[in-house]
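Worksheet for the structure shown next.
Just so it is clear: chains get the letters A, B, ... in the order the sequence lines come, proteins before strands, and each one is counted from 1. The figures that follow rest on heavy atoms only: side chains count, while hydrogens, waters and symmetry mates do not.
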Number of protein chains: 2
Amino acid sequence: MPRSASTASTAARAEETRRPAGLSEALEDYLEIILQIAARHPVVRVRDIARAKGVRMPTVTAALKRLAALGLVDYQAREHLVLTPAGASIASRIRGRHRFLTRFLGRMLGVSPAVARRDACGLEHHLSAESLERLTAFVEYIETCPEVGGDFLPRFRDCFGRDARQAICTHTACPQYARQASSRGAPRRGSHVLAPVASLRPGVCGEVARIQADERLRVRLQRRGLVAGVEVEVIGAGSLRGAARVRVDGRDVPLAPREARAVFLDTRPAREARDART
Amino acid sequence: MPRSASTASTAARAEETRRPAGLSEALEDYLEIILQIAARHPVVRVRDIARAKGVRMPTVTAALKRLAALGLVDYQAREHLVLTPAGASIASRIRGRHRFLTRFLGRMLGVSPAVARRDACGLEHHLSAESLERLTAFVEYIETCPEVGGDFLPRFRDCFGRDARQAICTHTACPQYARQASSRGAPRRGSHVLAPVASLRPGVCGEVARIQADERLRVRLQRRGLVAGVEVEVIGAGSLRGAARVRVDGRDVPLAPREARAVFLDTRPAREARDART
DNA sequence: CCCCTCTGTTAGATAAGTCTAACAGGATAG
DNA sequence: CTATCCTGTTAGACTTATCTAACAGAGGGG
């Protein structure tokens, strides 16, 4: 969701994002590419920048002029191209984010390499310093957490991996487990008891707290906007036995029986509570 | 980092991202805002869209025309505005991502609410379906992992929280712990032994595997591009005792003694190995 | 009934970021 | 020495996304 009225203009937003005024996503990309080429080649050629970014040469020339105007590269037509200290500093920062995100998505979460790389390209420009710090701390914690003794990630892969369909698993979170022993004891979060949509009657509202499903079902639900954190109101049973209908942001979404059993709500007593945290 | 030459044109990229051709970030924002307003108000007014997005009304009119041309809203000048099923479906998907990311950043990682919301705005357009699926699975796993018995997040907060500076902690990952008992036994990852930059001699290359530091130090390193996943070469000791200099993407980065002790490398035997995974 | 206010439109300007076409300058090959 | 090729520039066009200024319609107050 976009920013609210209080943080209005584009300029204000840029500043807020801690991105030096006037530096767009595209320009950040150029800086990063220049840094990368410079690390491997003695001279940085327009040609190579264009190839790396997938654009034509005149586009690069234009970008270099904008970067020069911002004081981030030393550029004069047909001369050697170098990053200024300011430019190199920004480029390093972006590149670090890129590497970290690629690694997080790929090695940690198990996203396929090509997608991890592509997503990192998009995400790197939008992660604030604060979020990056928290995320790196989180990764650091997981990788060194003594409680799980280094088994954490392998176990995650076992349960939620793509090719580990027949893994034996005792996690309640594991789709296999769920399939075998459907519900021995309702899941909890803190002191709240979570309930699957299938068990709730029309009128109940709540926030989606868990999606206990395998990859395919999870993706199907995500396409319709059903993901943890979303506010939902149960509006009726579906046509089939066990099916349900829920209201999400004003839209009616029908759920098949399997789906209705997979979506767990953290219910609230009141029916009308659509003040909605943004 | 931007895409490589193989996935060249903007059109190709849009398709790849699974974003229907011609639908930009800004337009996705408009769809999301319209959905949100529609869920609360019987009619959706241009005025309100403008306010929510922080732009002027004529900008909204223009955007609505583009959305109408894409078949995502039913729009005729001065008439009621409604999302088409296709538009509502996209809007739901984006909104779900937004909610999930806000929750992940805020509640899970502990990012401050305002920043979490703002980052979610930027990230929501760049997370592929695959990454989202993996990330939600990861969260699901953590929240229900029997090995850590639900203590996982509170413990994370204890060790890496902002205001829990004096928490007693036995995690090797914890900055407090590190400060007290600096290094009893080198950290490992798999069969590799990780080594702090401070202990390495010039010429050694490796990937940053851990940053064992508190928030302030971590942020300071991140500003210079030093974050897990980055390729680094140790190029010398610094001026001070315990300080060091490393080369990151062709840039010389000096490290203070504390910093050199905080950055752990997964070292490789060969010196020149800058084929660099992107 | 006329004027004022609010909502929303049109018109026209600007900036970023891309493209193609055409030109300029240097190296190389005959 | 000239023709050719490669690199990079300039020129001009287009799209997206934004702005301001000015106009249009609808409702209410006097």
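- Taking atom CZ on B/R66 and atom C1' on C/dT9, their separation rounds to 16 Å, with Å as the unit.
- A/K53 has a side-chain polar atom (N or O) that falls below the 4.0 Å cut-off from OP1 or OP2 of C/dT18.
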Test log, rule side chain to side chain contact (heavy atoms under 4.5 Å, CB included), inputs B/D29 and B/K53: CA-CA 8 Å; B/D29 276 349; B/K53 179 115 205 288; 3.6 Å; yes
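- Of the candidates D/dA17, C/dG8, C/dT10, C/dG8 carries the atom nearest the B/V46 side chain, counting heavy atoms from C-beta on.
- At C/dT9, none of the side-chain N or O atoms of B/K65 fall inside 4.0 Å of OP1 or OP2 (strictly under the cut-off).
- Atom P of nucleotide C/dT7 and atom CD of B/E79 are separated by 18 Å, given to the nearest angstrom.
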B/E25 and B/H126: CA distance, side-chain angles, deciding distance, side-chain hydrogen bond (donor to acceptor under 3.5 Å, both in side chains) verdict: CA-CA 9 Å; B/E25 261 179 72; B/H126 297 276; 3.1 Å; yes
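- Looking at A/R223, A/R224, A/R216 one by one, the single match for salt bridge (Lys or Arg N to Asp or Glu O under 4.0 Å) with A/E259 turns out to be A/R224.
- Note: CG (A/D48) to C1' (D/dC6) measures 13 Å, nearest angstrom.
- The backbone N or O of A/L105 lies less than 3.5 Å from no partner atom in the side chain of B/R134, so there is not a single donor-acceptor pair.
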List, one per line, each side-chain donor-acceptor pair under 3.5 Å for residues 71-89 of chain A, sequence neighbours excluded.
| residue | atom | partner | partner atom | Å |
| --- | --- | --- | --- | --- |
| A/T84 | OG1 | A/G71 | O | 2.8 |
| A/T84 | OG1 | A/L72 | O | 3.1 |
| A/T84 | OG1 | A/G87 | N | 3.1 |

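- Applying the 4.0 Å criterion to OP1 and OP2 of C/dA16, one finds that A/Y30 has every side-chain N and O outside that range.
- Between A/L67 atom CG and C/dA15 atom P the separation is 18 Å, expressed in whole Å.
- Checking C/dT18, D/dA17, C/dG17 against the side-chain heavy atoms of B/L27 singles out D/dA17 as nearest.
- Nearest nucleotide to the side chain of B/R47, out of C/dG17, C/dT10, C/dG8: C/dG8.
- As rounded to whole Å, 15 Å separates atom P of D/dA17 from atom CD1 of B/I49.
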One pair to check against salt bridge (Lys or Arg N to Asp or Glu O under 4.0 Å): B/R103 and A/E207. What are the steps and the verdict? CA-CA 11 Å; B/R103 187 162 166 262; A/E207 185 183 89; 3.4 Å; yes
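- Side-chain proximity of B/T61 to C/dA16, C/dT9, D/dT7: nearest is C/dT9.
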Could you run down the sub-3.5 Å N/O contacts of the protein with nucleotides 20-25 of chain C?
| residue | atom | partner | partner atom | Å |
| --- | --- | --- | --- | --- |
| C/dT20 | OP2 | A/R56 | NE | 3.3 |

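- Counting to the nearest Å, the C1' atom of D/dT10 and the CG atom of A/L64 are 15 Å from each other.
- Taking atom CG on A/L70 and atom P on C/dA15, their separation rounds to 14 Å, with Å as the unit.
- Between D/dT9, C/dT18, C/dG8, one nucleotide has an atom nearer to the side chain of B/R45 than all others, and that is C/dG8.
- Residues B/L226 and B/L255 form a side-chain contact, since some pair of their non-hydrogen atoms from C-beta on lies under 4.5 Å apart.
- Going from atom NE2 of B/H80 over to atom C1' of C/dT7 covers 13 Å, rounded to whole Å.
- Residue A/Y75 has a polar side-chain atom (N or O) positioned under 4.0 Å from OP1 or OP2 of D/dT9.
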